[in-house]
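Quick note: residue numbers are just sequence positions, from 1. What's counted below: heavy atoms across the whole structure, side chains too, no hydrogens, waters or symmetry copies.
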Amino acid sequence: MLTLFKLLLPALMPSWRFFKSVDPSPRVEWRLLASPSAAPAPWQEFRPRPQRLSPQAVAGRMLWNARWNESLFLVSCAERLTLAPTEHSRQEILRRIAAELQRAQPPGALQPYLQFRLVFLDRAEDGQLIKAVTYQSEPHLMAALSAQSARAARSAA
């Protein structure tokens with residue numbers, strides 16, 4: 001009976017220690033280039049977190065937050081790309097950045113090449129932020145990424 005109770009106790013009283021340690025989360029940064037060998041443009045963070053949210057926005061996010069779910073998927077892809085690089089993870093990040101840029105930018109405003117990198121931010125003991133780049137992609141042609149996204153959407157439908 002005591003053995004049964006020991007087995008059931010973790011299910012009845014769950015531990016809130018989900019992780020052994022909390023490590024920095026990768027951030028995705030991107031830049032557009034006129035050509036693969038063009039002068040580098042400044043990096044921009046992909047989907048930066050808002051500084052403040054209104055109570056209405058917080059309530060709405062509790063019910064529906066597809067964009068945040070997709071951002072969590074990108075973090076998962078970024079972590080996999082850092083630990084064990086796969087073409088799938090790289091393509092998922094590239095396609096999602098390209099799709100968002102094409103939605104947000106006016107037609108003709110985009111440069112033809114897209115590049116991304118993964119950055120980890122950590123705080124040193126003296127309080128300063130340390131930025132470490134763990135992965136940087138080659139420049140990719142935006143038109144090819146758009147065609148891949150369209151094929152993926154057709155196959156999913």
Side-chain angles (χ1 to χ4, degrees), residues 10-33 40-124 127-157:
L12 298 173
M13 300 291 288
S15 169
W16 293 107
R17 293 180 54 195
F18 296 110
F19 308 104
K20 292 180 182 173
S21 67
V22 177
D23 294 325
S25 180
R27 295 174 191 238
V28 178
E29 294 182 344
W30 60 272
R31 67 180 173 190
L32 295 173
L33 305 166
W43 292 100
Q44 298 181 43
E45 187 175 351
F46 183 62
R47 292 189 182 161
R49 293 182 180 178
Q51 294 294 322
R52 298 184 198 283
L53 288 173
S54 69
Q56 295 86 0
V58 172
R61 286 177 169 211
M62 286 183 187
L63 299 173
W64 178 254
N65 199 353
R67 185 179 166 107
W68 179 250
N69 288 342
E70 186 179 49
S71 294
L72 290 175
F73 173 69
L74 286 176
V75 167
S76 176
C77 288
E79 288 171 344
R80 279 184 278 170
L81 199 55
T82 300
L83 297 174
T86 65
E87 184 64 20
H88 173 265
S89 296
R90 188 176 64 78
Q91 285 298 321
E92 285 295 326
I93 293 171
L94 280 166
R95 283 190 311 120
R96 290 169 197 280
I97 294 171
E100 180 127 342
L101 290 175
Q102 288 171 343
R103 275 193 305 269
Q105 301 291 326
L110 294 176
Q111 297 289 329
Y113 288 89
L114 170 65
Q115 186 177 26
F116 79 93
R117 70 181 184 179
L118 304 178
V119 175
F120 282 83
L121 295 178
D122 203 3
R123 193 167 299 279
Q128 291 187 343
L129 283 179
I130 299 170
K131 189 179 213 179
V133 177
T134 59
Y135 179 86
Q136 184 168 318
S137 75
E138 296 296 319
H140 293 273
L141 199 57
M142 289 279 284
L145 296 170
S146 299
Q148 287 175 353
S149 294
R151 280 194 303 272
R154 281 193 302 271
S155 67

* **Reported CG-to-OG distance for the pair Leu74 and Ser89, which is rounded to 0.5 angstrom** => 10.0 Å

* Verdict with supporting geometry, Arg90 and His140, side-chain contact (heavy atoms from CB on, under 4.5 Å) -> CA-CA 11 Å; Arg90 188 176 64 78; His140 293 273; 2.7 Å; yes

* What are the two closest heavy atoms between Glu45 and Trp30, and how far apart are they? -> O-NE1, 3.8 Å

* Looking at Tyr135 and Phe116, what are the two nearest heavy atoms and their distance? -> CE2-CZ, 3.7 Å

* Check whether any side-chain heavy atom of Pro40 lies under 4.5 Å from a side-chain heavy atom of Arg31, and answer yes or no. => yes

* **Heavy-atom check, side chain of Gln136 versus side chain of Trp43, under 4.5 Å** => yes

* Structure fact -> Residues Leu110 and Gln105: closest non-hydrogen pair is CD2-CG, 3.3 Å

* Asked: Quick one: are Val119 and Pro26 in side-chain contact, heavy atoms under 4.5 Å?
  -> no

* Measuring from Leu32:CG to Ile97:CD1, what's the distance to the nearest 0.5 Å? -> 9.5 Å

* Asked: Between Glu100 and Arg95, is the closest basic N to carboxylate O distance under 4.0 Å?
  -> no

* So do Asp122 and Leu129 actually touch side chain to side chain, heavy atoms under 4.5 Å? -> no

* Can you tell me how far the CZ atom of Arg27 sits from the CZ atom of Arg47, to the nearest 0.5 Å? -> 15.0 Å

* Which distance, rounded to the nearest 0.5 Å, do you find between the CG of Leu101 and the CE of Met142? -> 5.0 Å

* Greater than 12 external heavy atoms within 6.0 Å of Glu87's CD -> yes

* If you look at every heavy atom in Ala124 and Ile130, which pair is closest and at what distance? -> CB-CD1, 3.6 Å

* **His88 side, atom NE2; Cys77 side, atom SG - distance, nearest 0.5 Å** => 6.0 Å

* Structure fact -> Scanning both residues in full, the closest heavy-atom pair of Leu114 with Leu94 reads CD2-O, 3.9 Å

* **Under 3.5 Å: donor-acceptor pair, side chain of Ser137, backbone of Gln115** => no

* To do: Take Lys131 and Phe120, measure what side-chain contact (heavy atoms from CB on, under 4.5 Å) needs, and give me the verdict at the end.
  => CA-CA 6 Å; Lys131 189 179 213 179; Phe120 282 83; over 6 Å; no

* Structure fact -> So CZ of Arg117 and CZ of Phe46: to nearest 0.5 Å the spacing works out to 15.5 Å

